[in-house]
Amino acid sequence: MYELIYAVIRQIPTGKVATYGQIANIVGDCSARMVGYALAILKTGSDVPWQRVINREGKISLRSNGTESILQRQLLEDEGILFDGKGQVDLNKFGWSGPDLAWLVANDFYPA
DNA sequence: CTGATGACGGTGC
DNA sequence: GGCACCGCCATCA
């Protein structure tokens with residue numbers, strides 16, 4: 001059911017990040033909460049780069065656990081994404097512009 | 001079936 | 001600029 005959301009997230013290139021709202025806007029048929037929930041039920045070992053999805057503040061969203069946020073940050077830094085002193089990502093620099101138009105058309109995401 | 005919850009976001013104060 | 005509230009809708013109890 002969340003394949004649609006996962007498919008979009010998989011399009012995020014290495015070294016870029018996207019916000020929940022961005023994903024929701026691309027998918028179009030769901031709210032930001034759905035994106036977050038989709039990642040919440042995502043199990044470890046998935047091929048979905050969930051670490052590249054952060055909130056609109058450019059910060060890593062804490063799960064109920066909260067400890068994995070550290071891992072998420074390390075994964076992002078390993079991809080070349082830098083954090084400022086407040087642990088935030090510069091969306092203006094690492095923000096994802098969205099998937100290729102060709103990909104959108106191929107997946108029937110083309111905006112009406 | 002009904003009510004509560006949540007990796008969020010936008011608006012209002 | 002920071003904080004409180006409301007809306008979003010699939011999942012869970």
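Protein chains get the first letters and strands the later ones, always in sequence-line order, with residue 1 at the start of each. Worth knowing before you read on, the calculation uses all heavy atoms, side chains too, and leaves out hydrogens, waters and symmetry mates.
- Whole-Å rounding puts the N55(A) CG to dC8(C) P distance at 21 Å.
- For Y2(A), the listed nucleotide lying nearest its side chain is dA10(C); candidates were dG9(B), dA7(B), dA10(C).
- Protein atom CG of L39(A) is 18 Å distant from nucleotide atom P of dC9(C), rounded to whole Å.
- In terms of polar N and O atoms assigned as donor or acceptor, the side chain of R33(A) never comes within less than 3.5 Å of the base of dG9(B) in a complementary pairing.
- If you take CD of Q22(A) and P of dC8(B), they are 17 Å apart, rounded to a whole angstrom.
- The shortest non-hydrogen separation linking P49(A) to I9(A) is CG-O, 3.5 Å.
- Under 4.0 angstrom from either OP1 or OP2 of dC8(B) there lies at least one side-chain N or O belonging to S61(A).
- For the pair I23(A) CD1 and dA10(C) C1', the computed distance is 18 Å after rounding to whole Å.
- Atom-to-atom, CE of M34(A) to P of dT11(C) comes out at 8 Å; the value is rounded to the nearest Å.
- Heavy-atom nearest nucleotides on DNA chain C were determined for I41(A) and for S31(A), and the one closer to the 5' end corresponds to S31(A).
- Rounded to whole Å, the distance from CG on L91(A) to P on dG9(B) is 10 Å.
- Annotation: cation-pi geometry satisfied between R73(A) and F83(A) (NZ/CZ under 6.0 angstrom from ring centroid, within 45° of ring axis).
- Proximity of Y20(A) to the phosphate of dC8(C): no side-chain N or O atom is located under 4.0 Å from OP1 or OP2.
- Between E3(A) and R10(A) there is a salt bridge, with a side-chain nitrogen of the basic residue lying less than 4.0 Å from a carboxylate oxygen of the acidic one.
- Aromatic ring centroids of Y6(A) and W50(A) lie 6.0 Å or more apart.
- Rounded to whole angstrom, the span from the OH atom of Y37(A) across to the C1' atom of dC12(C) amounts to 6 Å.
- For L4(A) and dC9(C), the CG to P distance is 15 Å, given to the nearest whole Å.
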